[in-house]
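All values below were derived from every heavy atom in this structure, side-chain atoms included, with hydrogens, water molecules and symmetry-related copies excluded.
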Amino acid sequence: MTQQYRHLSPEQVEHFLKYGYIVIRNGFTEEKAAEWTKTIWVRLGLNPNDKSTWTRDRVHMPWHRRERVATFAPKVWDAMQDLLGGAERINEDESRWGDSFIVNFGNKALEDATERIHPRDLDNWHVDGDFFVHYLDSPEQALLVIPIFSNIKPGGGGTYIAPEGIQMIARYLASHPEGVMPTGLSFTPSTTTCTDFKNDPGYWSHLKEVHNCTQFVEMVGEIGDVVLLHPLMLHSAAKNYLRQPRVITNPPVSLKEPFNFARENEEEYSLVEKKTLRALGVDKLDFHITTERQRMIPKRVDIQTKLLEEEKQRLKDHDLLV
């Protein structure tokens with residue numbers, strides 16, 4: 001008997017199980033997007049009409065405000081429930097969206113380029129979650145989410161994904177119940193004794209392993225679209241050849257409890273759990289971690305704190321600080 005879902009169509013369910021992602025069109029309104037982005041240029045301290053002021057290719061902005069997904073993007077919240085097994089499993093307080101925009105400007109050299117880099121040769125391939133030790137069942141990053149706040153055309157800096165990476169990462173994590181640390185664009189076993197992480201036999205380089213992938217998909221879309229992806233999806237920031245600022249956010253979704261790959265009733269598996277089991281090639285996995293779960297403080301925290309103070313001052317100077 002085919003399991004029924006409250007909000008996702010059978011086609012969306014099958015697409016997620018096959019490729020590890022779905023796109024929710026018009027997940028939030030253009031009015032919401034406009035409200036949240038109306039001060040973005042003041043916060044950045046840049047001139048939207050003068051590209052010479054766009055001195056950085058990509059900027060990760062701090063957040064000033066947050067809102068529950070259920071009120072900001074009800075359709076997306078509905079889809080999240082189907083993907084994760086119901087609202088009761090989601091830690092809603094830790095899954096709110098904020099205005100921590102990631103702006104991809106590109107640069108003049110890319111704008112003038114006559115050839116484009118192949119996706120596998122991008123220099124930013126990674127798996128999200130720089131704030132915790134990763135296990136196969138980690139609850140901290142239950143979905144990768146990309147809300148789109150600007151129209152994104154092909155070649156316009158949309159995120160690239162490698163769906164085959166889910167299988168690679170899942171099998172790697174299943175073989176490391178001790179957990180692995182996010183070490184830049186790589187993973188290193190949490191029990192390593194190596195000063196140089198690359199010398200650990202369990203070291204994993206995303207930039208190296210992505211060359212084993214053959215399928216790459218560019219995430220394009222319109223304002224209000226939201227991409228929901230499996231948490232183990234390999235992805236990379238893309239080059240913006242169009243020089244049209246691309247604006248997205250990247251909020252995590254957290255669970256109250258770790259994923260469970262050995263449920264007594266198979267109907268209780270979430271779609272993310274089903275996709276993980278499919279990637280592993282098994283119907284059930286009795287997975288147990290061998291070390292204590294740990295949170296980490298990423299280097300970006302200090303950077304974001306400094307940027308936040310700078311943005312507040314600019315907003316104050318323009319009488320826009322609430």
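In this structure, the side chains of Cys213 and Met168 come closer than 4.5 Å at one or more pairs of heavy atoms. At a threshold of 4.5 Å between non-hydrogen side-chain atoms, the residues Thr276 and Leu285 do not count as touching. At a threshold of 4.5 Å between non-hydrogen side-chain atoms, the residues Val301 and Phe131 do not count as touching. Residues Glu257 and Leu255 form no side-chain contact, since every pair of their non-hydrogen atoms from C-beta on lies 4.5 Å or further apart. Residues Ile102 and Arg246 meet the side-chain proximity criterion, which asks for heavy atoms closer than 4.5 Å. Within the 4.5 Å cutoff, the side chain of Lys153 has no heavy atoms near those of the Val220 side chain. In this structure the side chain of Phe132 never reaches within 4.5 angstrom of the side chain of Arg293, judged on heavy atoms. For the pair Val253/Ile90, a side-chain contact is recorded, criterion being any heavy-atom separation below 4.5 Å from C-beta on.
Other residues, nucleotides and ligands contribute over 12 non-hydrogen atoms within 6.0 Å of the CD atom of Glu309. Other residues, nucleotides and ligands contribute over 12 non-hydrogen atoms within 6.0 Å of the CG atom of Asn199. More than 12 heavy atoms of other residues, nucleotides or ligands shown are found within 6.0 angstrom of NE2 on His211. For Lys208, the NZ atom counts as loosely surrounded, since its 6.0 Å shell holds 12 or fewer non-hydrogen atoms of other residues, nucleotides or ligands. Surrounding CD of Glu292 are at most 12 heavy atoms belonging to other residues, nucleotides or ligands under 6.0 Å away. Residue-environment remark: CZ (Phe287) exceeds the threshold of 12 foreign heavy atoms within 6.0 Å. Atom NZ of Lys75 has more than 12 neighbouring heavy atoms from other residues, nucleotides or ligands inside a 6.0 Å radius.
Note on ring orientation: taking the six-membered ring where Trp is involved, the planes of Phe149 and Phe101 are perpendicular (angle over 60°, cut-offs 30° and 60°). Note: Tyr172 and Phe187 have parallel aromatic rings, judged against thresholds of 30 and 60 degrees for the angle between ring planes. Relative orientation of the Tyr21 and His15 rings is perpendicular, given thresholds of 30° and 60° on the angle between their planes.
With rounding to the nearest 0.5 Å, the separation of CD1 in Ile152 from CD1 in Ile248 is 6.5 Å. Note that CG of Leu308 is 8.5 Å distant from CZ of Arg43, once rounded to the nearest 0.5 Å. Note that CD1 of Ile297 and CZ of Arg295 are 11.0 Å apart. Values are rounded to the nearest 0.5 Å. Distance check, rounded to the nearest 0.5 Å: CG of Leu173 to CG of Asp137 gives 9.5 Å. Between the CG atom of Asp196 and the OG1 atom of Thr188 there is a distance of 9.0 Å, given to the nearest 0.5 Å. Rounding to the nearest 0.5 angstrom, the gap separating the CG atom in Leu44 from the CG atom in Leu307 is 9.5 Å.
Nearest heavy-atom pair, Ser205 versus Ser186, reported as atom, atom and distance to 0.1 Å: CA-CB, 4.2 Å. Shortest non-hydrogen contact noted between Val103 and Pro245 is CG1-CB, 4.3 Å. Of all heavy-atom pairs between Ile166 and His230, the closest is CD1-CB, 3.7 Å. Taking each heavy atom of Val210 and Leu207 in turn, the nearest pair found is CG1-O, 3.4 Å. Of all heavy-atom pairs between Asp283 and Tyr269, the closest is O-OH, 3.8 Å. Heavy-atom minimum distance, Lys284 versus Ala262: CG-CA, 3.5 Å.
Leu46 and Leu320 fall into different hydrophobic clusters, defined by Ile, Leu, Val, Met, Phe, Trp and Tyr side-chain heavy atoms under 4.5 Å apart, directly or through other members. Under the 4.5 Å side-chain contact rule for hydrophobic residues, Met296 and Val127 share a cluster. Using a 4.5 Å cut-off between side-chain heavy atoms of Ile, Leu, Val, Met, Phe, Trp and Tyr, with links allowed through other members, Ile146 and Val217 fall into the same hydrophobic cluster. Criterion: ILVMFWY side-chain heavy atoms under 4.5 Å apart, direct or through other members. Under it, Trp54 and Val59 are part of a common hydrophobic cluster.
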- request: Could you give me the CA-CA distance, side-chain angles and deciding distance for Phe72 and Arg96, then say whether side chain to side chain contact (heavy atoms under 4.5 Å, CB included) is met?
  value: CA-CA 9 Å; Phe72 191 92; Arg96 293 176 295 164; over 6 Å; no
message: As a quick check of understanding, evaluate side chain to side chain contact (heavy atoms under 4.5 Å, CB included) for Thr71 and Phe28, giving each step before the final call.
response: CA-CA 9 Å; Thr71 59; Phe28 58 95; over 6 Å; no
- prompt: So Leu17 and Arg278, side chain to side chain contact (heavy atoms under 4.5 Å, CB included) or not? Walk me through it.
  reply: CA-CA 8 Å; Leu17 289 174; Arg278 181 180 288 195; 3.6 Å; yes
field: From CA spacing to verdict: side chain to side chain donor-acceptor pair (under 3.5 Å), His64, Glu311
entry: CA-CA 9 Å; His64 295 253; Glu311 288 189 8; 2.7 Å; yes
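Using a cut-off of 4.0 Å between Lys/Arg side-chain N and Asp/Glu carboxylate O, Glu111 and Lys51 are scored as salt-bridged. Comment: Lys239 does not engage Asp57 in a salt bridge, judged by the lack of any side-chain N to carboxylate O separation of less than 4.0 angstrom. Residues Arg300 and Asp130 are paired through a salt bridge, judged by an N-O separation under 4.0 Å between the basic side chain and the carboxylate. Between Glu67 and Lys32 there is a salt bridge, since at least one side-chain N of the basic residue sits less than 4.0 Å from a carboxylate O of the acidic one. The pair Arg65-Asp99 does not meet the salt-bridge criterion, since no charged nitrogen lies less than 4.0 angstrom from a carboxylate oxygen. Ion pairing between a basic and an acidic side chain is recognised when a charged N comes within 4.0 Å of a carboxylate O; Asp302 and Lys306 show no such pairing. Under a 4.0 Å N-O distance rule, the pair Arg68/Glu92 qualifies as a salt bridge. One finds a salt bridge joining Glu273 and Arg263 here, because a Lys/Arg side-chain nitrogen approaches an Asp/Glu carboxylate oxygen to under 4.0 Å.
Side chain of His118 to backbone of Arg120: a donor-acceptor contact under 3.5 angstrom is found. Arg89 contributes no side-chain N or O that, together with a main-chain N or O of Lys256, makes up a donor-acceptor pair within less than 3.5 Å. Counting only distance, with no hydrogens or angles, the side chain of Asp78 and the backbone of His7 share no donor-acceptor pair below 3.5 Å. Checking side-chain atoms of Arg25 against main-chain N and O of Val226 turns up no donor-acceptor pair under 3.5 Å. Under a 3.5 Å cut-off, the side chain of Ser100 and the backbone N or O of Trp63 do not form any donor-acceptor pair. Remark: side-chain polar atoms of Glu164 are paired, donor with acceptor, to backbone N or O of Gln215 under 3.5 angstrom. No donor-acceptor pair closer than 3.5 Å links the side chain of Asn104 to the backbone N or O of Val247. In this structure, Asn151 contributes its side chain and Ile223 its backbone to a donor-acceptor pair below 3.5 Å. In this structure, the side chain of Arg66 does not engage the main chain of Trp97 through any donor-acceptor pair within 3.5 Å. Between the Asp128 side chain and the Leu144 main chain, no donor and acceptor come within less than 3.5 Å of each other.
No donor-acceptor contact under 3.5 angstrom links the side chains of Tyr203 and Thr192, judged on distance only.
Take Asn124 and apply the side chain to side chain contact (heavy atoms under 4.5 Å, CB included) test, not counting sequence neighbours, and it matches Arg58, His126, Leu185, Ser236, Ala237.
With a 6.0 Å cutoff to the six-membered ring centre and a 45° limit on the axis angle, Arg116 counts as a cation-pi contact of Tyr241.
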